[in-house]
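What follows is a short report on a single structure.
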Amino acid sequence: MAKIIRSQRTKKTGVQSVPKSPAKKAVAKSLPKPASKSAEKSSKKSPKPKPWTPAEVHEAFSRFRKANPEPKGELEHLNPYTLLVAVVLSAQATDAGVNKATHALFAVADTPQKMLALGEDKVRDYIKTIGLYRNKARNVIALSEKLIAEFGGEVPRTRAEIETLPGAGRKTANVVLNMAFGEHTMAVDTHVFRVGNRTGLAPGNTPLEVELGLEKVIPSEFMQHAHHWLILHGRYTCLARKPCCELCLINDLCRWPEKTV
Ligand code: SF4
């Protein structure tokens, strides 16, 4: 999955731009900024958005559910082990790019034992179209060894245990727990992070803040699929550069001041 990138988009406020030289910058910083009329107007225009009410959150996820009752992840896998490997490979890569490589890899190695038998050099050959493939091949072999040595060759079922595997962090653990074992976890990738912040559903400065915020507001009945609904919403509707607000199912509920409807 792609790395979280915070939007750096800023509004044009009409305030004079900061001088470029460091010395001038320091001076400019120390001076009180002139409160131009347009800046005042702009800050008045964007008060902190009102938190969503429970009824609004329920309404939003009811609409997602109605539009797509059984959302599916786009990473191809055959079992919890291949899902784990696919998620580890997807760091800073697209799902489509990962699928292209894993299609052939998983045909010959769909268990930790088979992956070890294949060996690091061959794994590297299979995944060389994916970014950071050398490091990732090393991690796939190391995590397979660890699964055999410590977990009887099975993917463990707790976040803490999955996080001990080479190449697997909290997001990987949340995806695996949700998709392989049906746990109500919320994996926050770049799309979920953006949607959580923009909509005002769960504002946060870090993926963990957004994850915990979403878990707090989303009713349990939606948590099985909430992760996929939000990813798909961010990937195909609430796009980073040009969100399709006119087509958005929740545009009346969204709190983003820059939405285009
Ligand atoms: S209204 Fe626009 S910004 Fe808000 S969630 Fe929909 S697409 Fe995203």
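Start at 1 and go down the list; that is how both ligands and their atoms are numbered.
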Any N/O/S atom from Cys245 (main chain or side chain) under 2.8 Å of atom 2 (Fe) of ligand 1? yes

N-O pairing of Glu183 and Arg159 below 4.0 Å: no

Taking the six-membered ring for Trp, are Trp229 and Phe64 parallel (under 30°), tilted (30 to 60°) or perpendicular (over 60°)? parallel

Provide, to 0.1 Å, the distance between atom 3 (S) of ligand 1 and the closest protein heavy atom, together with that atom's residue and name. Trp256 CE3, 3.3 Å

With heavy atoms and a 4.0 Å threshold, my read on which part of His233 contacts ligand 1 is side chain

For ligand 1, which atoms, with element, lie under 4.0 Å from some heavy atom of Cys248? 1 (S), 5 (S), 6 (Fe), 7 (S)

On a heavy-atom basis, which atom in Cys245 and which in Asn251 lie closest, and how many Å separate them? O-ND2, 2.9 Å

Residue-level breakdown please: for Thr199 versus ligand 1, do any non-hydrogen atoms fall below 4.0 Å on the side chain, on the backbone, on both, or on neither? side chain

Taking all heavy atoms of Leu89 and all of Val140, pick out the closest pair and write down the distance. CD2-CG2, 3.9 Å

Report yes if the side chains of His227 and Thr185 come closer than 4.5 Å at any heavy-atom pair, otherwise no. no

Among all protein non-hydrogen atoms, which one is nearest to atom 8 (Fe) of ligand 1, and what is the separation to 0.1 Å? Cys238 SG, 2.4 Å

Under a 4.0 Å threshold between the charged nitrogen and the carboxylate oxygen, would Glu56 count as salt-bridged to Lys50? no

Is any side-chain N of the basic residue among Lys122 and Asp125 closer than 4.0 Å to the acidic one's carboxylate O? no

Compute the minimum heavy-atom distance from Arg255 to ligand 1 and say whether it is under 4.0 Å. no

Which ligand 1 atoms, with their elements, are less than 4.0 angstrom from a heavy-atom of Asn251? 1 (S)

N/O/S atom of Cys254 inside 2.8 Å of atom 4 (Fe) of ligand 1, strictly under: yes

